[in-house]
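One structure is given here, and the rest of the page talks about it.
Heavy-atom basis, side chains included; hydrogens, waters and symmetry copies ignored. Predicted model, so just to flag it, every value in this text is computed and none were measured. A note on names: the letters A, B, ... follow the listed sequences, proteins ahead of strands, and every chain is numbered from 1.
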2 protein chains.
Amino acid sequence: MVIDPPGLAEETASRLRSDIIGGRLPPGHRLSETRLAADLGVSRNTLREVFRLLTREGLLKHTPNRGVFVAVPSMATIVDIYRVRRLIEVPALAHAWPRHEAVALMRVAVEKARAAREAQDWRSVGSANMEFHAAIVALTDSVRLQVFFAQIIAELRLAFGLLDSPERLHEPYIDRNAEVLDLLASGDQAGAAAMMTRYLDESERVVLAAFARLG
Amino acid sequence: MVIDPPGLAEETASRLRSDIIGGRLPPGHRLSETRLAADLGVSRNTLREVFRLLTREGLLKHTPNRGVFVAVPSMATIVDIYRVRRLIEVPALAHAWPRHEAVALMRVAVEKARAAREAQDWRSVGSANMEFHAAIVALTDSVRLQVFFAQIIAELRLAFGLLDSPERLHEPYIDRNAEVLDLLASGDQAGAAAMMTRYLDESERVVLAAFARLG
DNA sequence: GTAATTTGATTGTTGAACAATGCGAACTGT
DNA sequence: ACAGTTCGCATTGTTCAACAATCAAATTAC
């Protein structure tokens, strides 16, 4: 049977979350309370609590009296997310202490990405890339910002799921991540921040272009 | 465009939220599911959905098998919140377009604060002050940042509820808000951002000192 | 072919039920 | 008295069943 400890709702939320960002539940898909509750082996009430959680995270969209759907990222979503990223990641780098412990996390993420590239595992490259940016936010030492950013990343991965060719989407940034890391580690926070700005601008362009090709 | 009926859970959440930040439910207070559900006139299941919402917002703390409590802000909470504010508000001002429509909102907030000061209504002064800072974040045009910041503000007001002498806490900042607004409106974004940095540093010191006096 | 109506399915909300858990009071042995 | 243990009780965790409210589609009427 199901393991209960950290609350059944939280557990179920994690399961649903990974089903969504893993693409097993495609954007726009409608989630029937009765059926999904049966599939997940929880009651309808518990599932409704889960829905409230994930709706607040932006992964689900709740339409009153219609049901909940997997959120469909739009261009506006992408623009908004990159706005947030610029406004958080760039200052985070600009004010970072070059010996902050999170720098080690950034380095780990870079290595992971390179290993995954070696193995041609583009999905893992994407994960490692996101890990790198999460580490940048960790430079701020703010738990609230980190939680918020994790949410943003989940939404972004949901959007990436709509796009094909994950190689073109992530490969070019592996080495740029490494450069940002080197600049920061060598004490050039301003340089790292400036590079990140260009990085995000270009990444946004690429993603938006890929989106337009779907329209 | 017809607005959606807010749903009983959302509505109840709003009610509880204002009861919390309004101080009618003091930090640390335990919320019995059965009793509160009866008081609010909703079922226990609906109330549990509300709890998930407000727990995610940081206003409630959920301890498994013990119940939910009104969150008790600590010094760490204050430090974290001000970290977030510095990292978001300062760049928001630095990159703002001086004719952005949110500037009008900032002006409205300043007027409101002055009117409330005239009436010696310090609670309203606090509200107007928060409105001013929310308007600053609105300069970014990011809905996600605005939602996140609204959460942060709710947490901060919860913390302020623990402190006495709301006059000393808010009065000194009314005119500084006006100065920040003038600098921004006159095109000196850098000056506005710099002033906001000092503003936040001092405010944080005052709040932390008031907290220490409680310990 | 379009408008109105009925029908069917799903969500919104409630109340009751029962197991699991934790707190505090009663009980024990010294 | 007193420390430690046991037990009862209230509360949370979770499920289930029921019913009203609402929407989408099928059907009927014009």
Side-chain angles (χ1 to χ4, degrees), chain A residues 1-20 24-72 158, chain B residues 1-20 24-72 158:
Chain A
M1 282 294 276
V2 216
I3 6 174
D4 17 32
L8 186 52
E10 276 82 1
E11 175 108 5
T12 308
S14 297
R15 209 137 47 101
L16 243 192
R17 203 180 288 122
S18 68
D19 279 351
I20 292 172
R24 287 178 289 283
L25 292 174
H29 187 265
R30 174 152 172 276
L31 302 178
S32 157
E33 291 186 354
T34 316
R35 234 190 64 190
L36 187 57
D39 287 353
L40 293 173
V42 302
S43 87
R44 200 155 76 93
N45 290 327
T46 302
L47 183 60
R48 284 175 63 90
E49 293 183 19
V50 173
F51 281 168
R52 289 255 132 80
L53 263 296
L54 299 187
T55 297
R56 191 136 202 100
E57 290 181 26
L59 292 182
L60 296 181
K61 170 120 198 300
H62 177 95
T63 309
N65 291 314
R66 293 283 320 277
V68 304
F69 304 78
V70 179
V72 247
L158 176 60
Chain B
M1 193 179 186
V2 183
I3 48 174
D4 295 326
L8 187 53
E10 277 83 1
E11 190 155 344
T12 308
S14 296
R15 207 136 50 98
L16 244 192
R17 202 180 290 123
S18 69
D19 279 350
I20 294 172
R24 287 177 291 283
L25 293 174
H29 187 265
R30 176 156 171 272
L31 301 178
S32 158
E33 291 187 354
T34 317
R35 231 189 73 188
L36 188 57
D39 288 353
L40 294 173
V42 301
S43 86
R44 200 155 74 94
N45 287 323
T46 302
L47 183 60
R48 284 175 64 89
E49 292 184 21
V50 173
F51 281 168
R52 299 282 181 194
L53 262 299
L54 299 187
T55 297
R56 187 141 199 95
E57 289 181 25
L59 293 181
L60 297 180
K61 169 113 207 267
H62 178 94
T63 309
N65 290 315
R66 294 282 320 277
V68 303
F69 305 78
V70 180
V72 277
L158 176 60

Atom [atom1] of [X] to atom [atom2] of [N]: distance rounded to whole Å?
| X | N | atom1 | atom2 | value |
| --- | --- | --- | --- | --- |
| B:Lys61 | D:dT12 | NZ | C1' | 16 Å |
| A:Asn45 | C:dT13 | CG | P | 12 Å |
| A:Glu33 | D:dT15 | CD | C1' | 15 Å |
| B:Arg52 | D:dT12 | CZ | P | 13 Å |
| B:Arg44 | D:dA10 | CZ | P | 15 Å |
| A:Glu49 | C:dG12 | CD | C1' | 15 Å |
| A:Leu8 | C:dA19 | CG | P | 18 Å |
| B:Phe69 | D:dT11 | CZ | C1' | 11 Å |

Counting only side-chain N and O atoms of A:Thr46, is one of them less than 4.0 Å from OP1 or OP2 of D:dT15? yes

**OP:** Give a yes/no answer on whether the side chain of A:Arg66 brings an N or O atom under 4.0 Å of OP1 or OP2 in D:dA24.
**Re:** yes

Original post:
Which is true for A:Arg30 with a 4.0 Å heavy-atom rule: it touches a base, it touches only sugar-phosphate, or it touches nothing?
Top reply: sugar-phosphate

- Task: Could you check whether A:Leu31 gets within reach of a base, just the sugar-phosphate, or nothing at all, counting any heavy atom under 4.0 Å?
- Result: sugar-phosphate

When you measure from the side chain of [X], which nucleotide among [options] comes out closest?
| X | options | answer |
| --- | --- | --- |
| A:Thr34 | C:dT11, D:dT15, C:dT14 | C:dT11 |
| A:Arg48 | C:dT11, C:dG15, D:dT12 | C:dT11 |
| A:Asn65 | C:dT10, C:dG12, D:dG13 | C:dG12 |

Separation between CZ (B:Arg48) and CZ (A:Arg48), nearest 0.5 Å, reads 13.5 Å

To the nearest 0.5 Å, atom CZ of B:Arg44 lies from atom CD of B:Glu33 at 5.0 Å

Salt-bridge contact B:Glu10-B:Arg15 (side-chain N to carboxylate O under 4.0 Å):
no

_Are B:His29 and B:Leu31 packed together at the side-chain level, in the sense that at least one heavy-atom pair is separated by less than 4.5 angstrom?_
yes

Paired with B:Thr12, the side chain to side chain contact (heavy atoms under 4.5 Å, CB included) test is passed by just one of B:Leu36, B:Leu54, B:Leu40, namely B:Leu40

